[in-house]
Amino acid sequence: MFDIKWIRENAEAFDRGLKNRGMDPASAQAIALDDERRAILGKLQDAQARRNAASKEIGKAKAQKDEDTAQALMAEVADLKGVISTGEDDERRVDQTIETLLAALPNTPLDDVPVGADENDNALVRTVGEPPKFDFAPKEHFELGEALGLMDFETASKISGARFVVLKGALARLERALGQFMLDVHTTENGYTEVNPPLLVRDQAAYGTANLPKFAEDLFQTKEGFWLIPTAEISLTNLVRESILDESDLPKRFTACTPCFRSEAGSAGRDVRGMIRQHQFAKVEMVSITTADKGIAEHERMTAAAEDILTRLGLAFRTMLLCTGDMGFASQKTYDIEVWLPGQDAYREISSCSVCGEFQSRRMSARYRPSEGKGVHHLTTLNGSGLAVGRTLIAVLENYQQADGSIVIPEVLRPYMGGLEQIEAPAT
RNA sequence: GGAGAGAUGGCUGAGUGGUCGAAAGCACCGGAUUCGAAAUCCGGCGUACGGGCAACCGUACCGGGGGUUCGAAUCCCCCUCUCUCCGCCA
């Protein structure tokens, strides 16, 4: 959500941001509406001031038994009533129009974000680790999992339909191990507080992170009106909604491992096989709440925390700086981390870390009191996956597969697997 | 599912028609006192919008919307949310 004052003072930057995202400029319309609002407000306030003054005089006149004066003043106030009532209606209407306009506009990309149309214009930031070499043709994760008899799409579809999976035995445990490992690293080494948040949220929470009103079709909704979270970003970021924090309490860092639910409307035909794109998946989310001047540093820190998980798992990856056309709605700047998948012979997204500036906090009314100076300011919010657990499982299977179909367990996960060193080859 | 209570400033909490943007306490800020600190005392301390170079002025805001009234935190209606008790359930 934009601040209309900021748009007034930075109309050019605002329109450039929209243009870079492939949208039409909107500053002229927004400012015109705001001009209208100010004009209405001026008239309304004059009328209200006169009414307030007259009402006081009426009180005085009545106290002095000056009935004539009181009657005259009352007539005047009666006239003002219509002006005030119309003014209030007009103001509400214009406010609503402005709100609707602004709520549908995406955040302004930072200056160092490459301008581009789609993922082909993303910039490579770094490549870390070497893709493993195989002396056989590496399989895709679903081939491996199904051969092990521990990954069952058929049964899942009987229960829930397409885009669901049943994991069993060592694979079910591997998913749990991955989530635990990630949480342990983030809580003990990266300063994040573990949270077990609600998975069903209200309109206002989803609006706060800007999943609503524009992206309702991507979400599942219960018949009572709750939204199933598509990411714990919603729950964790809204932890600070409608509050005023002290700057000395910042930054706040939250992490959670939760199921995520996505309708995947509009992605029909994409990644139809396997666990890459599911209606339900586990993800460890990181959310940081800080001040505007610390946002960029926090963004780098968060991205490093996500990358560190991959490094420890011995998985090769590359980090991309998303271009303007590929960035999320609320983001000012986003890094995607892509893990190497031998079975697909490709890098695939496994984490996305974004800094959102004040875009979400304005929607949530989340503010802080600066240690120096006065007033309150909006917080800066960041979110990132650290990591998508389901896709990490895929990466482990494909990168650690052996010729016989067995899977070596990465060292760091073994304590979480009861010491298990590998998932045995399928019986032949 | 049934019954009831409530929503006031950063927090707690008074306030049932004008003198209320709102008592008091806490928290916070400044000062006095002290070698320093605690305690104590004095003073300050809401948000948003509009106008003004500024000091400052105006308007709105006591959950949201509507109504009554010359005038509403206060009375009436609707909505939203929160809590309590009973029942049911993990």
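If you're wondering where the values come from, they're calculated on a predicted model, not measured in any experiment. Order of the sequence lines fixes the chain letters, A, B, ..., with proteins taken first and strands second; residue numbering starts at 1 for each chain.
Atom CD of A:Glu91 is separated from atom C1' of B:U59 by 10 Å (rounded to the nearest Å). In this structure, A:Asp46 atom CG and B:G51 atom P are separated by 12 Å, rounded to whole Å. Atom pair A:Glu36:CD and B:G50:C1' shows a separation of 16 Å (rounding to whole Å applied). Rounded to whole angstrom, the span from the CD1 atom of A:Ile244 across to the C1' atom of B:C45 amounts to 13 Å. When the P atom of B:A60 is taken as reference, atom CZ of A:Arg92 falls 14 Å away, rounded to whole Å. For the pair A:His378 NE2 and B:U47 P, the computed distance is 13 Å after rounding to whole Å. Separating the CD atom of A:Glu242 from the P atom of B:C11 is a distance of 11 Å, rounded to the nearest angstrom. Taking atom CG of residue A:Leu41 and atom C1' of nucleotide B:A48, one finds them 11 Å apart after rounding to whole Å.
Using Watson-Crick or G-U wobble geometry with both donor-acceptor distances under 3.5 Å, B:G46 finds its partner in B:C61. Pairing partner, B:C53: none, since no Watson-Crick or wobble contact has both distances short of 3.5 Å. Here B:A3 sits opposite B:U84 as a Watson-Crick or G-U wobble pair (both hydrogen-bonding atom distances under 3.5 Å). Across all strands shown, B:U34 remains unpaired; no Watson-Crick or G-U wobble contact has both distances below 3.5 Å. Across all strands shown, the partner of B:G18 is B:C70, judged by Watson-Crick or G-U wobble contacts whose two distances both fall under 3.5 Å.
Going from the C1' atom of B:A38 to that of B:A73 covers 40 Å, rounded to whole Å.
Proximity of A:Arg50 to the phosphate of B:G71: no side-chain N or O atom is located under 4.0 Å from OP1 or OP2. Between B:G51 and A:Arg38, a contact under 4.0 Å exists linking OP1 or OP2 to a side-chain N or O. Distances shown here put a side-chain N or O of A:Lys5 below 4.0 Å from the OP1 or OP2 atom of B:C49. Remark: A:Arg202 is in phosphate contact with B:U82, judged by side-chain N or O atoms under 4.0 Å from OP1 or OP2.
Ring geometry, A:Phe164 versus A:His279: the interplanar angle falls from 30° to 60°, so the pair is classed tilted.
Annotation: of the two residues near RNA chain B, A:Asp34 and A:Arg369, the 5′-most nearest-nucleotide partner is A:Arg369.
Between the side chains of A:Thr209 and A:Glu233, no donor-acceptor pair of N or O atoms lies under 3.5 Å. A donor and an acceptor atom, one from each side chain of A:Glu298 and A:Thr290, are nowhere located under 3.5 Å apart.
Taking the centre and axis of the six-membered ring of A:Phe2, the NZ or CZ atom of A:Arg362 falls outside the cone set by 45° and 6.0 Å.
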